[in-house]
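Keep in mind that what you see is a predicted model, and the values were worked out from it rather than measured. Below, chain A is the first sequence line, B the second, and so on; all start at residue 1. The analysis underlying the following values was restricted to heavy atoms, covering all of them including side chains, and did not include hydrogens, waters or symmetry mates.
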Amino acid sequence: MLTKRIIPCLDVIGGRVVKGTSFTELRDAGDPVEQAAFYYQQGADELVFLDIGATPEGRDTMADVVEGVSEQVFIPLTVGGGLRSIDDMRRMLEAGADKTSINTAAVINHKIITEGAKRFGSQCIVVAIDARRVDDSPEPKWVVCTHGGREPTEIDAIEWAKQAVDCGAGEILLTSWDEDGQQTGYDLELTRTISEAVTVPVIASGGAGNLEHLYEALVTGKADAVLAASIFHYRTYSIREAKEYLAERGIPIRL
Amino acid sequence: MIAIIDYGAGNLRSVTNALVKLGYQPKVTSEASDVLNANAVIFPGVGAAPDTVRNLRKSGLDDVIRQVIRENRPLLAICVGMQVLLSVTEEYGLNECLGVIPGVVKRLPSGLKVPHMGWNQVKQVTNHPIFNGIADGSNFYFVHSYYAEPDDARVVAGTTEYSVPLCSVLIKDSLIATQFHPEKSGELGLRMYDNFLKMAGVEG
């Protein structure tokens, strides 16, 4: 049986891992290669690196980071944050990434998904969606935010997810704008709605504060994988603890 | 010498990194002479099978791979590298492959999340040194939308359940092929590369 994946996310700026509750309060939290190796040893199923600076200089250092990590860590590596073009994607894949995550660039130009899938295969193209709940809507509704979540659009998140898959996305990395950083649980309704709407795997992101939240996202949210940053960064839980907890509760997990 | 076949696609870097980590010094090459003189050949694959077949034909590496298999030299084919060894694939219509292993490459059934992406168990059907130190039912990393169905069930050495039981390890004489990616399957994946190279008699 296919197991559910537990994916720690490393936020990177200028070649260093950073931690912080808001963009203005970031603290240096070490060397990404060391951090990645640590998560790998603990049994992480995949790793995601997010360049939260998303600058052209950041891409250079990110490629170096990926190169270093891929020599030590033998699980799939996804890189995202500020990738704008097919060349940006190629650069990361050549450095040793297995998948590239695109967000704003895909919203602006859908062709980057199609072209990327054609050149590198759908499995290399993760479309990241930052979805923000529309409060005054009679039906549950979410819109897509771009530019690191700073710019809300009018685009319906569910429709966009379906369209991204039609264009060739191999996976959806779904972040709840409302829950991200809150540690009060994933947006289960959002996760479930998107997971049921698309035929590709969905990674739930944004809101994990405890292990029950991971369980809920996988069961109620029907996610194929869960991504978390803080609970693993701050050593609230180890990857192994998380996996043992989920396995005890009957989730298929690789231990 | 270990040759990793470079046909203009595939995750060569990951495979190279895995072998280097194990202490081997592989050569990434598109030269027929390198491949034919190697003690062990690795044929990686990522992407679409029809493109892979086209690239191989263009470079003449399709015949080189056939010769390696005909001469019964140690060859490890990975993912799409495995699929293109069969007769035909359903990917993008019906496309001819290398025809070394009679059988069809089929689309995973609908109603499932496709690609089949993540860690899944490999049930060992045969006792074989490629599984040395690897427990039956261990997890390996898969990412694929099509799967190989060889005509001859005797070549199926490992199976994995994803709604259908699919052939995840195929062995015929010195040819070993895996649908999963050992280079992305953690320590057990590295172990599998090491087993293959030890069987081929390559010194690390």
Side-chain angles (χ1 to χ4, degrees), chain A residues 1-7 40-47 66-78 92-99 116-126 165 168-172 195-196 198-203 222-225 243 252-255, chain B residues 8-22 45-49 51-52 79-80 91-92 108-121 123 137-146 160-163 166 180-193:
Chain A
M1 186 189 275
L2 181 62
T3 58
K4 300 286 186 180
R5 289 169 282 152
I6 310 302
I7 307 176
Y40 172 61
Q41 296 303 338
Q42 283 194 335
D45 292 315
E46 292 190 24
L47 293 176
V66 172
E67 212 163 292
V69 171
S70 70
E71 288 168 6
Q72 303 292 327
V73 168
F74 298 96
I75 52 175
L77 309 174
T78 301
M92 294 305 168
L93 296 171
E94 282 176 356
D98 299 283
K99 312 182 203 180
K118 203 173 120 206
R119 298 266 185 101
F120 314 120
S122 281
Q123 79 288 340
C124 291
I125 314 298
V126 181
V165 172
E171 194 169 31
I172 300 287
S195 190
E196 286 177 341
V198 298
T199 53
V200 302
V202 171
I203 306 170
K222 294 195 167 184
D224 301 282
K243 295 184 97 172
I253 290 287
R254 174 184 73 112
L255 288 173
Chain B
N11 56 341
L12 304 175
R13 188 173 195 120
S14 301
V15 177
T16 307
N17 285 341
L19 267 52
V20 168
K21 180 77 179 177
L22 287 165
V46 157
D51 285 346
T52 302
C79 192
V80 173
E91 194 169 0
Y92 293 110
L108 284 165
S110 56
L112 294 166
K113 290 288 176 98
V114 176
H116 172 215
M117 188 185 279
W119 300 77
N120 203 336
Q121 299 87 54
K123 185 172 161 31
S138 293
N139 283 291
F140 288 86
Y141 189 83
F142 289 80
V143 51
H144 62 117
S145 302
Y146 294 81
T160 296
E161 288 287 335
Y162 192 54
S163 160
L166 53 95
F180 52 83
H181 289 273
E183 69 281 1
K184 289 289 148 187
S185 296
E187 299 301 313
L188 291 181
L190 295 181
R191 180 70 197 236
M192 192 164 270
Y193 276 118

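- Summarising the geometry of A:P76 relative to A:D98, their closest heavy-atom pair is CA-OD2, 3.4 Å, with the distance given to 0.1 Å.
- Counting heavy-atom pairs closer than 4.5 Å to chain B, the top-ranked of the candidates A:D224, A:L77, A:I253 is A:D224.
- Nearest approach of B:L190 to B:K21, heavy atoms of both residues: CD1-CG, 4.3 Å.
- Residue contact with chain B, scored on non-hydrogen atoms closer than 4.5 Å, is absent for A:S122.
- The minimum heavy-atom distance between A:A169 and A:V200, with the atom names listed, is O-CG1, 3.6 Å.
- With a 4.5 angstrom heavy-atom cutoff, A:R5 touches chain B only via side-chain atoms.
- Annotation: B:F180 is in aromatic contact with B:F142 [ring centroid separation under 6.0 Å].
- When the candidates A:K99, A:K4, A:Q72 are compared by the number of heavy-atom contacts under 4.5 Å with chain B, A:K99 comes out ahead.
- The minimum heavy-atom distance between B:R13 and A:S70, with the atom names listed, is NE-OG, 4.3 Å.
- Using a 4.5 Å cut-off between heavy atoms, B:H116 contacts chain A through its side chain alone, with no backbone atom that close.
- Proximity to chain A involves both the backbone and the side chain of B:A18, based on heavy atoms less than 4.5 angstrom apart.
- Heavy atoms of B:V143 lying under 4.5 Å from chain A belong exclusively to its side chain.
- Contacts between A:E171 and chain B at a heavy-atom distance below 4.5 Å involve the side chain alone, from C-beta outward.
- Between A:I75 and B:W119, the shortest heavy-atom contact is CG2-CZ2, 3.5 Å.
- Looking at A:A95, the atoms closer than 4.5 Å to chain B (heavy atoms on both sides) all sit in the backbone: N, CA, C or O.
- Of the listed residues B:H144, B:Q121, B:E161, the one with more heavy-atom pairs under 4.5 angstrom with chain A than any other is B:Q121.
- Of the inter-residue distances, the one linking A:M92 atom CE with A:C124 atom SG reads 13.5 Å to the nearest 0.5 angstrom.
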